[in-house]
Structures are given as C-alpha cells and as structure tokens.
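First up is the structure itself, then whatever we jot down about it.
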Amino acid sequence: MKNPFNVPDYAVTHGAKFHADDVFSGALLRYMNPNIRIDRVLQPPEHFDGLIFDIGRGAYDHHQQDAEVRENGVPYAAFGLLWRAYGAGVLRTGCPEESVSREAAHFDEKFVQPLDLDDNTGCGNTLAGVIGAFNPTWDSPADPDDCFEEAERVARLLLQKKLESIRGIGRARALVEEALTHMEDGVVILSRFAPWKSVLIPSPARFVVYPSQRGGYSAQVVPTDEETGAAKQPFPAAWAGQTPEALADMTGIAGLRFCHNGRFLIAADTLEEAVRACRLADGK
C-alpha cells in the first residue's frame, strides 16, 4: 500500500554512524508516509522493492563517481535528491500552486543545499553538527539505531515547522501583493502582520507598517536583498536606542516610542504616527 506521495512503506539506508543527510532524508520520507519502516543496513538486500537512500549507488545515493551536481556547483546528497523528487508535491498541499516551484527551489537553496554541501565536503554546518551530536559517543552502550530514530524525530519536527512556515509565506503573498498596490510614498500598510519579504524586497517599497503584537504599530525598513539585509532606507542614526521622550522631541511625533539600535524597526502608538515616522525618515 502506498501513500499519496507514492512513498513505499519500506526503505533502507546505511547503518553505523549517521549524518544530517540520512537523518533528514528519513525525516522527509516519514513526513510523507508516517507508516514507513526504515532499516539501517550495511548492504541493501537483493531484489529489494522498497526505497533505498544514501547507500546502494541508486537514484537517491550520491557516493558513485557520476553523482549529480546542481547547476550552481553544489553536489547533491540523498536529502537533496529526495527533495528534488518529492519537494514540490509536499508543498502543493497547502501552498498556492503558482508559488510551489519557487518555494521548493528556495527551500532547496536555503535549507537543503547547506546540508548537502556539508555531507559531500565536510565544510561544516551548525545544523549538521547538532544532528551529528545524536550519535552515541565512542564508549556509549547506546544502540546507534535508537539514536538515529531520536535524531530523526527531531529532524522531522524541524522539517514540519519549516514546511508550515513556507506554506504560510505562500498564503501571505496575496495579502501583501494587494497592500502593495495601495503603497504611498514607499510605505506599504498591512492590515495584519504577514510574511512580506518575498514580495516587498523586489518592489519599490521602502517601509512596511503593520499592527504590533505588543499593541500599537510597528514599521520596518525593507531590505535591498535577503542575504545582506541592507536597508533601502534605514531609520535615522539619531533615533537609534533613544527614549520615547527623546524621540518625541526629535521628531515631533508624540507616539513614537521605540527605534531599534539596528535602525530597521520602530514602534508607535498609532498607524498615522508609524507612517509619519517612515515618511520623516525618508525625507518626506
């Protein structure tokens, strides 16, 4: 019996020491098919009709001489090969169809590729190191298979949270795109907070304003890109870290109560005051 993703109920991977690659591969498979049985072996069984990953030199292994490499030069590991095969299908549930391919590629770039690169080159990766720490120590009597299952449960939870976040970003696009059509003076106003970067970074927007969870309104600068986070227009240096009283004296905005030292975030009592602060910062 197969699940909607066509993931078999039985899979094998390599035994002994495990790494983030085979752990996250197992987590992805179990996310898609909670009933899957994953055995860790030293050699895949003959005439096996299940799924084999990170061993056996097949479709989901990367230890053979002709192992695949992405166009950007990052070699595939098992996790990347499985994500390439199944990722779009996973995201298609709960993610707008028009954003599935884009979000699947983005997740590969930001989450999967660093783990693939570490597994292939040993370059070092914090998350890979965390997962690797679940291996039993050299003098531990713990069963490596039990440790693998523990690590896989943690990886599956992380993966689940990441996928939920991606779906949320997809659902937010329509709201943010609609707000962008009403932008004035580079300021976009959201009726509620929603993930906005994927829409507003490539847009002409310089500031985004939304209701704050702490009451009042927050405003953030829109970065020029996601990598550096450099602001298109930061809030003035003189505002950074000042008290509400000092900010009111400087700006004439009584409800401007906070400006982050990093100059990317302010808080104000009202929507009008938050928007006014953005325009003042932009020289309007």
Side-chain angles (χ1 to χ4, degrees), residues 91 94-100 102-103 105-107 109-111 161-284:
L91 290 179
C95 197
E97 181 62 35
E98 64 272 13
S99 66
V100 166
R102 179 181 60 249
E103 296 299 343
H106 185 74
F107 183 74
E109 178 187 359
K110 299 299 182 182
F111 191 89
K161 296 299 183 182
K162 290 293 292 184
L163 295 176
E164 288 173 357
S165 176
I166 291 170
R167 293 187 180 103
I169 291 170
R171 293 192 302 271
R173 285 193 71 89
L175 185 149
V176 179
E177 287 173 347
E178 170 63 19
L180 180 60
T181 65
H182 302 287
M183 178 182 71
E184 293 183 9
D185 297 328
V187 181
V188 173
I189 300 172
L190 302 180
S191 59
R192 57 182 294 191
F193 175 80
W196 49 264
K197 289 186 178 179
S198 63
V199 175
L200 297 189
I201 285 177
S203 80
R206 295 187 294 282
F207 301 93
V208 58
V209 179
Y210 51 86
S212 172
Q213 292 180 332
R214 300 179 179 182
Y217 285 79
S218 294
Q220 284 185 252
V221 300
V222 177
T224 58
D225 60 82
E226 202 166 350
E227 294 297 327
T228 67
K232 295 179 183 178
Q233 174 59 62
F235 291 108
W239 297 7
Q242 294 288 351
T243 64
E245 295 78 15
L247 287 170
D249 288 342
M250 275 187 242
T251 65
I253 303 174
L256 182 59
R257 59 176 186 256
F258 172 77
C259 179
H260 197 283
N261 270 327
R263 301 165 57 197
F264 67 90
L265 173 70
I266 63 167
D269 289 337
T270 68
L271 172 61
E272 293 75 19
E273 288 168 327
V275 171
R276 184 179 165 197
C278 293
R279 288 173 175 161
L280 184 61
D282 206 23
K284 298 290 192 299

Between [X] and [Y], which heavy-atom pair has the shortest distance, and what is it?
| X | Y | result |
| --- | --- | --- |
| S99 | R102 | CB-NH2, 2.9 Å |
| L190 | A179 | CD2-CB, 3.6 Å |
| S218 | L265 | CB-CD1, 4.0 Å |
| L91 | E103 | CD1-C, 3.8 Å |
| A277 | I266 | CB-CD1, 3.4 Å |
| C95 | G170 | SG-CA, 4.4 Å |

**Message:** Between Y217 and E272, is the side chain to side chain donor-acceptor pair (under 3.5 Å) condition met? List the steps.
**Reply:** CA-CA 9 Å; Y217 285 79; E272 293 75 19; over 6 Å; no
Determine whether a donor-acceptor pair (N or O, by modelled atom type, separation under 3.5 Å) exists between the side chain of [X] and the backbone of [Y].
| X | Y | value |
| --- | --- | --- |
| K232 | F207 | no |
| R263 | F235 | yes |
| D185 | V187 | no |

**Request:** Kindly indicate whether the side chain of M250, heavy atoms from C-beta on, has any atom under 4.5 Å from the side chain of L256.
**Result:** no
**Asked** Taking side chain as C-beta onward, heavy atoms only, is F264 less than 4.5 Å from P234?
**Response** no
Inter-residue atom distance [X].[atom1] - [Y].[atom2], 0.5 Å rounding:
| X | Y | atom1 | atom2 | value |
| --- | --- | --- | --- | --- |
| E245 | T243 | CD | OG1 | 4.5 Å |
| I166 | K161 | CD1 | NZ | 14.0 Å |
| L247 | E273 | CG | CD | 11.5 Å |
| Q220 | H260 | CD | NE2 | 10.0 Å |
| C278 | E184 | SG | CD | 13.0 Å |
| R276 | T251 | CZ | OG1 | 6.5 Å |

**Request:** Please say whether more than 12 non-hydrogen atoms of neighbouring residues, nucleotides or ligands are located less than 6.0 Å from NZ in K162.
**Result:** no
**Request:** Begin from the C-alpha positions of W196 and L180 and carry the test side chain to side chain contact (heavy atoms under 4.5 Å, CB included) through to its verdict.
**Result:** CA-CA 10 Å; W196 49 264; L180 180 60; over 6 Å; no
**Prompt:** Checking side chain to side chain contact (heavy atoms under 4.5 Å, CB included) for the pair V188/M183: CA distance, chi angles, key distance, verdict?
**Reply:** CA-CA 5 Å; V188 173; M183 178 182 71; 3.9 Å; yes
**Message:** Let's go through R279 and V275 carefully: what are the C-alpha distance in whole Å and the side-chain angles of both, what is the deciding distance for side chain to side chain contact (heavy atoms under 4.5 Å, CB included) to 0.1 Å, and is it a yes or a no?
**Reply:** CA-CA 6 Å; R279 288 173 175 161; V275 171; 3.6 Å; yes
**Asked** What orientation do F111 and F107 show, parallel under 30°, tilted 30 to 60°, or perpendicular over 60°?
**Response** parallel
